[in-house]
Amino acid sequence: MDPVIVVGAGPVGLALSLTLAAQGVPSVLLDEGGGKDEVRPARTVVLRPDTAALVERLDCATVRDEGARWAGWRSMRRRQDVRQLALGDDSAPAPLHIPQHALARGLREAVGRQQLVRVVTDSRLDSLEQDASGISVHTRGPKPTWWRGSHLVGCDGARSTVRKLLGIRFPGRTAVERHAVAALRTELPWPDEALLHRQPPWRTGGDEVTARPLPDGVWRLDWLLPPRGELVTPDALVARVRDTLAGWCGETPPYDLLDTGVYTLHHRLARRWRVDRAFLAGDAAHLLGALGTQGLDEGLRDTDNLAWKLAQVWHHGPSEPLLDSYQAERRAAVAARLRAADQSLPILRGSSALRTYLPGAARGHDALLTDGHLGHGPLGAPPAYTHSPLAPEYAPSQTLVGTAAGAPVADVWVTAPDGTSARLRDRMGRGQLLVVLVAPGTGVWDRRHWVSAGVMPRLAAAVTALPVRAELLVTESYPGASAHTVLLVRPDGHLVASFAGVRPAELYSAADAARGGAPSAVRSDRTADIN
């Protein structure tokens, strides 16, 4: 079997190759650059709890060593505190804030430890050809080369060569928001807390400024700029820094300015995310980022969604419904995020009269912005694939739990039949379905008692008979679930269905739907040997 070709070695491309490797799929990672990322302290990313957990599963050490989890969130308007939230427990998990070059370096180091990933630097794609059995691409560089792959994924950014070679349109809106940004080391009155300050009372504050902490006393500050304002000069940016620090601290404290920049946010969505054996992911497929939304979050969710489907096809044979579901699920999810942001922008960024027309509007707008920054609501929450083409038909034995079908499952503690315990999130990303039995009391019983008692033997036999590989797990409790509820979970952590008790036929049918039905061709002997 040919490897999957991944074009682009940014965080999304690196994460995709690692996610494929975790599921036994080799890849060739084509890197246009030289294998290093420019160090820019002011270019940072915020990862929601689900995407941060994904990166941690990929053995990216810098997420742990060079990222900061906020202790709280604070909102201000003019001179008043509007809202304060404590972050860090299960009810309010903290986002992870990390410089993008540190994230990329950690992913590159993880790739370097992977035998199934081949990185080819200084390789720029210039042609692409597809046929019935695979895909061929040509790269130019020091050693012009033809590469052969089973599939190709373009993770090559907003100016994607893959997208252009496939002839895919990329419509959208230009310059939705502009921000001036600075990274600096200083002390602020809210250690380890992120701050959103709307309509700050000093001259250079503009409409909005945010401060988000990083390790070692470093902060990233962002000022919302007029969409078509003048260029921000270095002197003007330094004035913003000094005025902002003085406004928060009473006087300008000592600070060390590390990096500055101005960036413009665009909203775009590719018309198609799949053309035969070629796919788009990350900024090649979508651009977003206004109102606290995070484009890299969505790019990492692309990789999590696509990798297990490619792995299923690579190991077991073609399945057009399974591969088509990537575009159906992910494009719809990102389109909903863009639609929510575009609908909110006129309200949140309109005139002062419009923003304050209704009583309590300012507080409601603050809550909406907070949701975008912290990963809640339509601007930030992980997507639910409620209309997925992989959803099984309704069966009478299905039951409701605290997670809707198609939504990400809760990260409960689970126990495997061998007695090992872990968070449910830690069992994801391995290319297999998860079958979770809710069985109160298993945490205090001796394993040799519950593994052969009650419904367990029957459920274990049903899991063994499923049409795809699956892991059986047990949990003490799950939100909204009663005892003996059985949950079927996809490799990317989205709920397929939940059943009242052990229903082998219904469980089999749901697992078959989740894999897109039976493969349309018999596996080759070589693929069978690999498995």
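Here, residue 1 is the first one in the sequence, and each next residue gets the next number. Any value given below was found using the heavy atoms of this structure, including those in side chains, with hydrogens, waters and symmetry copies removed.
Counting heavy atoms from C-beta outward, Pro11 and Leu296 have side chains that approach closer than 4.5 Å. Between Thr475 and Leu473 the shortest side-chain heavy-atom distance does not fall below 4.5 Å. Side-chain contact between Leu310 and Leu323 is present, with at least one heavy-atom pair separated by less than 4.5 Å. Using a 4.5 Å heavy-atom cutoff, the side chains of Leu20 and Gln23 are not in contact. Side-chain contact between Met456 and Val474 is present, with heavy atoms from C-beta onward closer than 4.5 Å. Looking at heavy atoms from C-beta onward, Thr370 lies in side-chain contact with Trp73 at the 4.5 angstrom threshold. Side chains of Val162 and Phe279 form no contact here, defined as non-hydrogen atoms less than 4.5 Å apart. Here the side chains of Asp283 and Val12 are not in contact, with every heavy-atom distance at 4.5 Å or above.
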Assess whether side-chain contact (heavy atoms from CB on, under 4.5 Å) is satisfied between Val409 and Val436, documenting all intermediate values.
CA-CA 11 Å; Val409 292; Val436 183; over 6 Å; no
Assess the residue pair Leu495 and Val401 against the criterion (side-chain contact (heavy atoms from CB on, under 4.5 Å)); give the C-alpha distance rounded to whole Å, side-chain angles, the decisive distance to 0.1 Å, and a yes or no.
CA-CA 10 Å; Leu495 181 66; Val401 296; 4.1 Å; yes
Leu16/Val4 under side-chain contact (heavy atoms from CB on, under 4.5 Å): CA gap, chis, key distance, verdict:
CA-CA 10 Å; Leu16 177 59; Val4 173; 5.7 Å; no
Please evaluate residues Glu56 and Arg69 with respect to the criterion salt bridge (charged side-chain N to carboxylate O under 4.0 Å, His left out), reporting the C-alpha separation (whole Å), side-chain torsions for both, the decisive distance (0.1 Å), and the verdict.
CA-CA 14 Å; Glu56 288 172 349; Arg69 293 190 184 272; 2.9 Å; yes
Trace of the side-chain contact (heavy atoms from CB on, under 4.5 Å) decision for Gln398 with Glu506:
CA-CA 9 Å; Gln398 290 184 18; Glu506 288 88 343; over 6 Å; no
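Closest heavy-atom contact between Ala281 and Val153: CB-CG1, 4.0 Å. Nearest heavy atoms, Trp70 versus His373: CZ3-O, 4.4 Å. Taking each heavy atom of Val496 and Ala514 in turn, the nearest pair found is CG2-CB, 4.0 Å. Annotation for Arg427 and Ala422: closest pair CD-CB, 4.2 Å, computed over non-hydrogen atoms. Annotation for Ala410 and Leu424: closest pair O-CD2, 3.5 Å, computed over non-hydrogen atoms. Across Pro3 and Trp314, no two heavy atoms sit closer than the pair CA-NE1, 4.5 Å.
Salt bridge Asp31/Arg108: present, at least one basic N to carboxylate O contact under 4.0 Å.
For the residue pair Ser421/Thr415, the side-chain donor-acceptor check at 3.5 Å is satisfied. Judged by distance alone, the side chains of Ser27 and Ser17 do bring a donor and an acceptor atom under 3.5 Å apart.
At least one donor-acceptor pair closer than 3.5 Å links the side chain of Asp89 to the backbone N or O of Ser91. A donor-acceptor pair is defined here as one N or O able to donate and one able to accept, closer than 3.5 Å; such a pair exists between the side chain of Arg458 and the backbone of Val502. Counting only distance, with no hydrogens or angles, the side chain of Ser498 and the backbone of Thr399 share a donor-acceptor pair below 3.5 Å. The closest donor-acceptor contact from the side chain of His494 to the backbone of Gly406 lies under 3.5 Å. Distance alone, capped at 3.5 Å, is enough to place a donor-acceptor pair between the Arg277 side chain and the Ser150 backbone. Ser160 contributes no side-chain N or O that, together with a main-chain N or O of Asp156, makes up a donor-acceptor pair within less than 3.5 Å.
The CZ atom of Arg220 sits 9.0 Å away from atom CG of Leu214, with the distance rounded to the nearest 0.5 Å. Atom CG of Leu300 is separated from atom CG of Leu54 by 6.0 Å, given to the nearest 0.5 angstrom. The distance from atom OG1 of Thr19 to atom CZ of Arg430, rounded to the nearest 0.5 Å, is 13.0 Å. Atom-to-atom distance recorded for Gln84:CD and Met76:CE is 9.5 Å, nearest 0.5 angstrom. To the nearest 0.5 angstrom, Leu437 atom CG is 7.0 Å from Leu472 atom CG. How far CG of Asp297 is from OG1 of Thr51: 3.5 Å, rounded to the nearest 0.5 Å.
Around atom CZ of Arg40, more than 12 heavy atoms belonging to other residues, nucleotides or ligands sit under 6.0 Å away.
Evaluation of the side chain to side chain contact (heavy atoms under 4.5 Å, CB included) rule for Pro396 yields no partner, not counting sequence neighbours.
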List the atom pairs, donor and acceptor, that lie under 3.5 Å between side-chain atoms in residues 326-340 and the rest of the protein, sequence neighbours left out.
| residue | atom | partner | partner atom | Å |
| --- | --- | --- | --- | --- |
| Tyr326 | OH | Leu280 | O | 2.6 |
| Gln327 | OE1 | Trp273 | N | 2.7 |
| Gln327 | OE1 | Arg274 | N | 3.3 |
| Glu329 | OE1 | Asn305 | ND2 | 2.8 |
| Glu329 | OE1 | Lys309 | NZ | 2.8 |
| Glu329 | OE1 | Arg490 | NH1 | 3.4 |
| Glu329 | OE1 | Arg490 | NH2 | 3.1 |
| Glu329 | OE2 | Ser388 | OG | 2.4 |
| Glu329 | OE2 | Arg490 | NH1 | 2.7 |
| Arg330 | NE | Asp302 | OD1 | 2.7 |
| Arg330 | NH1 | Tyr385 | OH | 3.2 |
| Arg330 | NH2 | Glu298 | O | 3.1 |
| Arg330 | NH2 | Glu298 | OE1 | 2.8 |
| Arg330 | NH2 | Asp302 | OD1 | 3.0 |
| Arg331 | NE | Ala270 | O | 2.8 |
| Arg331 | NE | Arg271 | O | 3.3 |
| Arg331 | NH2 | Ala270 | O | 3.3 |
| Arg337 | NE | Glu298 | OE2 | 3.1 |
| Arg337 | NH1 | Pro378 | O | 3.1 |
| Arg337 | NH1 | Ala381 | O | 3.1 |
| Arg337 | NH2 | Glu298 | OE2 | 2.9 |
| Arg337 | NH2 | Ala381 | O | 2.7 |

Which pairs would a plain distance check flag for residues 57-68, meaning a side-chain donor or acceptor within less than 3.5 Å of a matching protein atom at least two apart in sequence or in another chain?
| residue | atom | partner | partner atom | Å |
| --- | --- | --- | --- | --- |
| Arg57 | NH1 | Arg425 | O | 3.2 |
| Asp59 | OD2 | Arg113 | NE | 3.2 |
| Asp59 | OD2 | Arg113 | NH2 | 3.1 |
| Thr62 | OG1 | Ala102 | O | 2.8 |
| Glu66 | OE1 | Arg105 | NH2 | 2.8 |
| Glu66 | OE2 | Arg105 | NH2 | 2.1 |

